[in-house]
2 protein chains.
Amino acid sequence: MSMVRYKAIIAYDGTLFHGFQRQPQGRTVQEELERTLSKMASQPIVVHGSGRTDAHVHALGQVIHFDYPKERPLEKMRFAMDTQTPEDIAVKQVEIVDELFHARYLVQEKVYEFHVQIGKPRSPFRRHYASYYPYPLDLAKIERALPDLLGTHDFSAFCASGSSVEDKVRTIYEATMVHDEALSELVFTFRGDGFLYKMIRILVGTLLKIGNGRLEETSLPKIIASKDRNCAGPTAHPEGLYLKEVKY
Amino acid sequence: MSMVRYKAIIAYDGTLFHGFQRQPQGRTVQEELERTLSKMASQPIVVHGSGRTDAHVHALGQVIHFDYPKERPLEKMRFAMDTQTPEDIAVKQVEIVDELFHARYLVQEKVYEFHVQIGKPRSPFRRHYASYYPYPLDLAKIERALPDLLGTHDFSAFCASGSSVEDKVRTIYEATMVHDEALSELVFTFRGDGFLYKMIRILVGTLLKIGNGRLEETSLPKIIASKDRNCAGPTAHPEGLYLKEVKY
């Protein structure tokens, strides 16, 4: 039987997931997608994501691909997937791609957002959707530090232990912060050719430490050069992180 | 011992609550507040709310009062209450009021918001925070119908059965709808001197039925005059409803 390769853009609320990638224990996004697609196809379907996301991390635009035994009208396929997956997964877009497409191998860029609620009290509505920082922050210091992240660097200092990746050189094309006053949140955006294990969360933890005055605003080049995880700041909580877009 | 009366403004995410009011079964906001305050005071404290909210209904500005055995600095009191209540309750403001203040008896106006997500797919991030309406809507029809709700009317047609209230005359001062395009949501605001049991949810269910063309846009005066619940539309889901403000 000839299979058709589909690419899909999905969103998920990571609150109740142990991350994207299938694992022996704990509910995962991949497992829910595979369960739905296998039922629809009446045969086992394997889902490939653009990469994993950690427990409680969200996605606005995760990309997956899978091979399916039938060519179906795209909106029908999207609707079936969207309504048959649990309500914390949404299927935003489906297209048919050629058999050379691969959701992980062909990634050119990824865009992440990180939300930090500031001010008091912590909003009960944002407790799963933004990390919380109640301490004083000089936003100008963070803004002056951000451009130091741009370009191609060995980001070993911003990689959590437990990563098996050998090459820790990555390129960051965009690193910005916007203050959303209505939500009382800082929204960080990072665009790059790829990110290391927990890299965005360590970057944000370091930037907040700079904003709080416990690290110099000029310290990022030194931290990068050290290649030492102990020189960077703490790892920000996962609930503020969103995989926003994957580009091919 | 002389008691001090406190007024507090609280917010809560209603998702995991069986409403505001204490009841034998199910977790409630009142019970959580009373548990925290009684522990802080080392004696039983009774909390009075401005009114009940149903299961899964949210509050941005519910008002409570309670008598407490000690006068404490207000920010210390707010911080203690906020951090000792569960994270789906936030204590926004605390003040000391005279003993004649009563959170329920002295209400002058209440303001509610109702959020309806439109468009596809349903956002996984809004599933607990907005009701969902995926059917066609002519927003102009809803806008033309809204002013018919203003003024003083017997709203029996918009009161769910099970209410023990005898007088069903209420005054609505404000009834508006805004289309939040970024969220793809309609935000209804209703301000009045009080609302009947499930009244806002039935109003929204009726307005959506008008927008969908299954009720005439001029039908509200007739529905009000009928005093018959069966003439109005369905009851919208509770997760879209927010108690926004209580005025005294």
Side-chain angles (χ1 to χ4, degrees), chain A residues 8-17 29 32-33 56-62 74-94 113 115 117 119-132 134 180 182-184 187 237 239-240 242-244, chain B residues 8-17 29 32-33 56-62 74-94 113 115 117 119-132 134 180 182-184 187 237 239-240 242-244:
Chain A
I9 301 177
I10 63 168
Y12 47 86
D13 176 341
T15 309
L16 302 177
F17 287 111
V29 179
E32 292 287 3
L33 290 167
H56 313 308
V57 170
H58 311 293
L60 300 166
Q62 167 73 291
L74 296 179
E75 175 54 20
K76 282 213 169 121
M77 186 69 174
R78 187 204 66 75
F79 183 80
M81 289 175 67
D82 185 45
T83 52
Q84 290 179 52
T85 44
E87 61 173 7
D88 46 1
I89 298 175
V91 179
K92 298 171 80 168
Q93 197 186 304
V94 171
E113 251 181 37
H115 288 243
Q117 199 210 321
K120 294 173 193 176
R122 183 173 193 175
S123 166
F125 300 101
R126 301 296 291 167
R127 68 196 195 281
H128 300 309
Y129 305 109
S131 81
Y132 182 50
D180 181 331
L183 274 178
S184 197
V187 183
H237 287 198
E239 70 269 17
Y242 296 73
L243 173 54
K244 191 178 183 187
Chain B
I9 302 177
I10 62 167
Y12 46 86
D13 176 340
T15 308
L16 302 178
F17 287 111
V29 178
E32 292 287 3
L33 291 167
H56 312 309
V57 171
H58 311 293
L60 300 166
Q62 168 72 291
L74 296 179
E75 175 53 21
K76 281 213 169 119
M77 186 68 174
R78 188 206 66 75
F79 183 80
M81 289 175 66
D82 185 46
T83 51
Q84 290 180 50
T85 45
E87 62 173 7
D88 46 2
I89 297 175
V91 178
K92 298 171 81 169
Q93 196 186 304
V94 171
E113 251 181 36
H115 288 244
Q117 198 210 321
K120 294 174 194 174
R122 182 173 194 177
S123 165
F125 300 101
R126 300 296 291 167
R127 70 196 194 281
H128 300 309
Y129 305 109
S131 82
Y132 182 50
D180 181 331
L183 274 178
S184 197
V187 182
H237 286 200
E239 69 269 17
Y242 296 73
L243 172 55
K244 191 178 182 186

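So you know, we letter chains A, B, ... as the sequences are listed, proteins then strands, and number each from 1. Values in this document were obtained by computation on a predicted structure and should not be read as measured data.
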Check your understanding: Which bit of A:D82 comes within less than 4.5 Å of chain B, counting heavy atoms only: side chain, backbone, both or neither?
Key ->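 Contact with chain B: side chain only.
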
Exercise for review: Please state whether the side chain, the backbone, both or neither of B:Y242 comes within less than 4.5 Å of a heavy atom of chain A.
Suggested key: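 Contact with chain A involves the side chain of B:Y242 alone.
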
Review point. With only heavy atoms counted, which part of B:L16 is less than 4.5 Å from chain A, the side chain, the backbone, both or neither?
Key: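 When you check distances to chain A, only side chain atoms of B:L16 fall under 4.5 Å.
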
Review point. Which residues satisfy the side-chain hydrogen bond (donor to acceptor under 3.5 Å, both in side chains) test with A:H115, sequence neighbours excluded?
Key: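 side-chain hydrogen bond (donor to acceptor under 3.5 Å, both in side chains) check on A:H115 returns A:E113, A:E185.
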
Exercise for review: Using the test ring-ring contact (aromatic ring centres under 6.0 Å, His included), find all partners of B:Y12 that sit at least two apart in sequence or belong to another chain.
Suggested key: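 Once residues adjacent in sequence are excluded, B:Y12 has no partner under the ring-ring contact (aromatic ring centres under 6.0 Å, His included) criterion.
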
**Study point:** Considering all heavy atoms, the nearest B:H58-B:T15 contact
**Key:**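 For B:H58 and B:T15, the tightest heavy-atom pair comes out as CE1-OG1, 3.7 Å.
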
Exercise for review: Quick one: pull up CG in A:L33 and CD1 in A:I89 and give me the separation to the nearest 0.5 Å.
Suggested key: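 CD1 of A:I89 is found 4.5 Å from CG of A:L33.
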
